[in-house]
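Comments concern the structure below.
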Number of protein chains: 2
Amino acid sequence: MNSLDPQSNVTLKDVAAAAGVSLATVDRVINGRPGVSDKTARKVNSAIERLNFQPLAAAAELARSRPSRFAVLLPGGDNRFMKDIADHIRAQAPWFRARRITADILETNVFDADTLATELASLAGRYEGVAVVALDHPRVRAAIDDLVAGGTAVVTLVSDVPSSRRAHYVGIDNIAAGRTAGSLIGRFLGGRTGRVGIVTGSAALRDHAERLFGFGQVMAEEYPAVTLLPPVEGRDDPQQNRALVTRLLTDTPDLVALYNTGEGAAGIGVALADAGAARRILCVGHELTPDSRRLLLDGTFAALVAQDPGHEARSMARVLRALVSGRPIVPGQEHIRVEVILRDNLP
Amino acid sequence: MNSLDPQSNVTLKDVAAAAGVSLATVDRVINGRPGVSDKTARKVNSAIERLNFQPLAAAAELARSRPSRFAVLLPGGDNRFMKDIADHIRAQAPWFRARRITADILETNVFDADTLATELASLAGRYEGVAVVALDHPRVRAAIDDLVAGGTAVVTLVSDVPSSRRAHYVGIDNIAAGRTAGSLIGRFLGGRTGRVGIVTGSAALRDHAERLFGFGQVMAEEYPAVTLLPPVEGRDDPQQNRALVTRLLTDTPDLVALYNTGEGAAGIGVALADAGAARRILCVGHELTPDSRRLLLDGTFAALVAQDPGHEARSMARVLRALVSGRPIVPGQEHIRVEVILRDNLP
DNA sequence: CAATTTTTGAGTTGCGCACATCAAATTTCT
DNA sequence: AGAAATTTGATGTGCGCAACTCAAAAATTG
């Protein structure tokens with residue numbers, strides 16, 4: 001038998017007794033208050049180690065009881081994936097409430113660096129924690145760094161700004177996601193040759209760009225017999241995507257596959273259906289939405305590479321809380337997976 | 001702007017005032033204590049609704065403060081996946097400790113219904129919550145039902161006993177997992193025909209049997225040109241698997257793919273390497289272990305269908321806690337996904 | 001109507017910790 | 001040495017709720 005945590009009734013009082021000091025001193029050490037000599041601090045810390053003291057989360061929370069304020073900055077517009085994230089954050093309401101956290105979901109134009117940077121700057125001092133779907137741009141990076149310098153915990157969401165001082169990135173490795181899409185297309189083609197069309201939202205978005213990069217990497221390395229067409233930009237808009245794919249289909253007789261790095265799968269579905277090519281062209285896209293789900297079920301898309309917006313919403317909340325209240329982050333738990341969704345493992 | 005939880009300082013006192021009753025009465029209603037008339041109970045409940053009262057988790061926990069005891073019954077032996085789960089449960093120690101939960105990890109022979117049933121019966125009264133990797137057998141089901149009848153919260157882990165009264169199943173849909181493996185093999189074969197070998201642990205295990213079922217379903221429906229060989233049982237043992245696969249390779253000239261429903265991938269890898277067929281035969285297996293990871297990286301396996309043991313360990317803990325302390329379960333969060341792992345999206 | 005039962009109020013205690021305050025002890029400086 | 005600064009102790013309060021007890025009020029009964 002393997003007993004976890006046999007007897008952990010170790011309280012601050014026990015620590016104080018073991019260290020031969022008063023409760024007040026233990027409190028000073030633990031909460032980093034001034035006025036403790038190094039010697040006593042060491043005594044206390046060693047007692048904590050020795051007794052394996054672990055503060056009771058409930059009591060600490062209750063006693064602290066100053067509510068934390070979080071802000072989540074999401075792109076406006078009608079991006080379905082972002083709406084899903086927002087919904088999952090709202091679904092967390094009980095979790096937030098029980099922890100005395102208020103979360104404001106703010107919409108903004110994340111595609112404009114100035115707007116985003118200004119918006120970020122306006123949050124300083126008003127929030128303890130900020131999550132942002134960020135554009136990777138020097139001005140945005142500076143705004144993030146300023147927030148961090150001001151004592152605000154900042155995490156990036158879905159799209160990262162690696163060079164900034166953000167404490168954490170909640171999202172997937174988009175290069176790996178692109179590689180995964182590439183491997184799926186390469187494998188599914190099973191030796192067939194021809195051209196592969198690429199529909200992307202915008203090359204200016206870091207996540208899309210990284211997916212393209214990973215995709216190109218794998219195709220070049222593993223499937224050199226397949227030719228990649230230059231990416232066409234549809235801004236994640238179904239109408240534009242439809243027009244672009246229709247043109248691809250007429251211009252490219254030997255088109256064998258399509259890779260969509262972003263949203264707007266519905267437009268691709270319509271274009272393929274119109275051309276009667278729905279199940280002849282191999283399609284792989286990203287993110288699970290009502291549209292992409294439908295196209296996966298009817299066989300238009302062979303697979304989706306996705307990230308779980310619910311997991312991201314919860315991970316964001318946990319990480320921000322951990323950051324502002326100085327508690328540990330369970331490793332592994334916050335790793336967002338690159339998921340492969342076929343018709344058969346649809347959640 | 002979308003503010004979550006604008007001002008939720010609603011406490012029991014507020015509810016009492018709003019309902020025009022005393023704190024004691026509110027407490028009686030909320031905690032189901034006797035001695036409250038229907039009329040007052042309704043008044044209180046409506047006040048709770050109206051004010052959107054949500055008990056502060058921390059305070060409730062602190063006040064309750066009777067430690068909960070959980071038991072986790074895992075199969076003994078050297079199953080790597082089970083060891084991973086155990087490790088992830090141990091990694092939860094701080095989480096458990098902070099919530100005054102003690103968890104005992106018990107090993108037993110889950111393959112023997114009598115042993116397992118006896119073991120389960122012995123837990124009655126000693127634990128508030130039990131998680132068990134269960135064999136689907138009438139005697140085991142009866143033991144689970146007895147535990148539940150005695151007031152113990154029971155969840156099944158990894159392998160379910162659907163007909164029992166367990167409150168929850170923490171694990172994947174194994175039929176979907178088998179279907180996913182089937183689709184991967186079918187797609188990856190890309191029109192090639194031939195025979196597919198199946199290596200299974202034991203047909204007596206519900207999870208393996210369900211995977212076989214799902215796999216067979218997809219292959220029959222979607223890829224009728226491919227012939228499935230009868231499954232061979234290797235008991236998840238690398239040695240046996242090696243021998244079985246070696247025989248398959250010599251006996252079946254037109255073997256094009258292998259499906260392993262369980263563990264022991266290492267044995268398959270050795271057999272394939274010995275026969276020089278490592279990257280010629282398409283292999284799909286289950287679960288991510290050091291062995292399967294290696295074989296995925298070196299190209300022997302094309303894909304793995306997996307479940308996240310860390311997620312399962314955490315989900316089990318959350319669900320048990322929710323069950324014993326009557327708190328809500330966040331839907332979605334406890335759904336264990338059927339993951340597809342390629343070389344490119346290895347975690 | 002009185003006697004009983006049921007329902008409600010009022011209050012206390014404690015969970016373990018954070019965060020004060022004030023006084024006492026100790027060390028450091030002049 | 002005395003004065004000043006630093007370090008420590010003692011003690012209290014409150015966070016919001018659970019879980020009691022005991023008495024008072026109301027409703028039900030004979």
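So that the names make sense, note that chain A is the first sequence line, chain B the second, and so on, each numbered from 1.
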Quiz item: Can you check the A:Leu51 CG to C:dG16 P distance for me, whole Å?
Solution: 15 Å

With the criterion being N/O to N/O and under 3.5 Å, what pairs connect the protein with nucleotides 27-30 of chain D, and how long is each?
none

Exercise. Go through the structure and list residues passing side-chain hydrogen bond (donor to acceptor under 3.5 Å, both in side chains) with B:Arg80, not counting sequence neighbours.
Key: B:Asp84

Exercise. For B:Leu23 and D:dG16, give me the distance from atom CG to atom P, rounded to whole Å.
Key: 12 Å

Self-check item: Euclidean distance, atom NZ of residue A:Lys13 to atom P of D:dG9 [Å, nearest integer]
Solution: 16 Å

Practice problem: With sequence neighbours left out, write down each residue that passes side-chain hydrogen bond (donor to acceptor under 3.5 Å, both in side chains) with B:Thr40, or none if nothing qualifies. | Solution: B:Ser37

Exercise. Using side chain to side chain contact (heavy atoms under 4.5 Å, CB included) as the criterion, point out the one residue from B:Val140, B:Val158, B:Leu123, B:Leu73 that pairs with B:Val132.
Key: B:Leu73

Quiz item: What pair of heavy atoms forms the shortest contact from B:Phe96 to B:Ile89, and how long is it?
Solution: CE1-O, 3.8 Å

Exercise. Not counting sequence neighbours, which residues clear side-chain hydrogen bond (donor to acceptor under 3.5 Å, both in side chains) with A:Asp145? List them please.
Key: none

Exercise. Among A:Val319, A:Asp160, A:Ile336, A:Val161, find the one that has a side chain to side chain contact (heavy atoms under 4.5 Å, CB included) with A:Tyr169.
Key: A:Asp160

Check nucleotides 18-25 of chain C against the protein and report each pair of N or O atoms closer than 3.5 Å, with its distance, or say if there are none.
from	atom 1	to	atom 2	distance (Å)
C:dC19	OP1	A:Arg66	NH2	3.2
C:dC19	OP2	A:Arg33	NH1	3.4
C:dC19	OP2	A:Arg33	NH2	3.4

Quiz item: Has A:Thr11 got a side-chain N or O lying under 4.0 Å from the OP1 or OP2 atom of C:dG16?
Solution: no

Quiz item: Choosing from C:dT8, D:dG16, D:dC17, which nucleotide comes nearest the side chain of B:Ser37?
Solution: C:dT8

Quiz item: If you measure only the distance, is there a donor-acceptor pair under 3.5 Å linking the side chains of A:Thr102 and A:Arg69?
Solution: no

Exercise. Respond yes when some side-chain nitrogen or oxygen of A:Thr40 is under 4.0 Å from OP1 or OP2 of D:dT7, and no when none is.
Key: no

Exercise. May I have the distance from A:Leu62 (atom CG) to C:dC17 (atom P), rounded to whole angstrom?
Key: 12 Å

Quiz prompt | Heavy-atom side-chain proximity of A:Arg90 to A:Gln92 below 4.5 angstrom | solution = no

Quiz prompt | Axis-to-axis angle between the two ends of the helix from C:dC1-D:dG30 to C:dT30-D:dA1 (five base pairs per end, rounded to 10 degrees) | solution = 30°

